[in-house]
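Worksheet for the structure shown next.
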Amino acid sequence: MSLRRAGLALLRQQGAPLVESLSATTQQAQGAVREAVEGCSRGVSTLAVKQRMKSVGNIQKITKAMKMVAASKMRSATAATENSRGIVQPFLRMLGDMPDTQGAKAVFVPVTSDKGLCGGINSTVCKYTRATVKAVRDGAAAADSGEAAPEMMLVVMGEKGRAQLQRDMRDNIYGTVADTNKVKITFPEASAIAEELLKTEYDTARILYNRFVSAINQKPTIATVLSPDALERAAAEGGAMDSYELEGPDRPEMLMDLAEFQLAATLYNSMMENNCSEQSSRMSAMENSTKNAGEMLGKLTLTYNRTRQASITTELIEIISGATALAG
Amino acid sequence: MTLQVCIMPPDRIFWNDQADEIILPTNTGQMGVLTNHAPLITALDIGVTLIRSNSNWNPVALMGGFALVKQNQVTILVNEAESAQTIGVDEAEIAFQEAKTKLEQSQGEKQRVEATFVFKRARARYQVVKQLGV
């Protein structure tokens, strides 16, 4: 800076007559220096890069923090999720899994998250929901050509699913359940949601969620729960249920209770699994984000340094050439 | 030959152990299950189940659910389960008396149903501690 000021002062000292006798190079140099002083144009390119670096650095810090938060949440959710599987296994063992059951009314429950920045799990669930609805519709059309098409209803869990599905399936959406993760997911909460689901009087309920396989693997899964009537029908056709004696006088009522309990247990398990999947997916998405931000920051730093060095070199050249021209 | 008893509330595995006999509080009364029982599904009311190992009886309070018996494997799925270790004696007794008076004083269908529910839970917990104490 001081070199430039000295050079400029020297130029001013010489006065106007000397300016006319200067060679073209020095005239150029004089003009450039004046321009630099007036417009500070050489500093602008480094300023832009510096601002960009600052914002990318902030993004990197934020995504790193989000990753750590998601990792800790996932750790605590994993144990609870594994425990919640215990209550679903006996039902699967006893009643079996009949995903291709037909009925007059089919309810689909896609389980998604409320918050974003969690990778692709919500899109996956929505994609599977659309495919399953289509498959059930086609399957019903193929099976009974005489009966009317089954009524398809969607009960979406989570804001993200609602936003994605209401674009093309708005008519089918019966309702949305949001903010389930604000407090800890508990079985009474799942029971309350199951209660609402039962009011739709479905024949088959298909819950679509992401099963938590490991921290880097989340599998989209469909859990099928039958209504008491459908269960009775399936049991009558022979199956694991037949081998059991049913204690108590009220067999239909007990079957109804059993089906309700199965729905609540399956819903609870799917909510827990999806929550765990959400945290692990967010963790890996934020990890990628942090890594990308770091790379971008590296590239920007190189650009910044290059720009800075180039501007210094240019200034020096101008001053030196100006001074040399004056001297000789 | 012993029974493998597994008590599971939704959020964890509460009990997974061998037993000789188990008495279940079903909707229609107490029911005993020994080894080689026929396959069975039954609904459970809110009450106390007694699990016997040799000659030790262990009481566990169950808050309603189902019991599945098959091939000497007893699977109990309940909303909630509590054993004597987690129930305080005095607290259970006080809760029981309170619930009893509330039930006697309740008026109207809704109040009575709710009071019955609370009473059954308090009674189950009280019975668990009383059994162990006596």
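Chain letters run A, B, ... following the sequence lines, proteins first and then strands; every chain starts at 1. It should be emphasised that the depicted structure is a prediction, and the values quoted were computed from it without experimental measurement.
By the neighbour-count criterion of 12 heavy atoms within 6.0 Å, atom NZ of Lys100(B) is sparsely surrounded, having that number or fewer from other residues, nucleotides or ligands. The environment of CD in Glu201(A) is sparse: at most 12 heavy-atom neighbours from other residues, nucleotides or ligands sit within 6.0 Å. The 12-atom threshold is not exceeded at CD of Glu195(A), counting heavy atoms of other residues, nucleotides or ligands nearer than 6.0 Å. Within 6.0 Å of OH in Tyr128(A) there are 12 or fewer heavy atoms belonging to other residues, nucleotides or ligands.
Put simply, OG1 on Thr75(B) and CZ on Phe91(A) are 10.5 Å apart, with the number rounded to the nearest 0.5 Å. Going from atom CG of Asp257(A) over to atom CG of Asn27(B) covers 8.0 Å, rounded to the nearest 0.5 Å.
Contacts with chain A (heavy atom to heavy atom, under 4.5 Å) involve these residues of residues 4-16 of chain B, listed by number: Met8(B), Pro9(B), Pro10(B), Asp11(B), Arg12(B). At a heavy-atom separation below 4.5 angstrom, chain B is approached by Phe261(A), Tyr268(A) within residues 261-283 of chain A.
No side-chain heavy atom of Glu80(B) sits under 4.5 Å from any side-chain heavy atom of Phe187(A).
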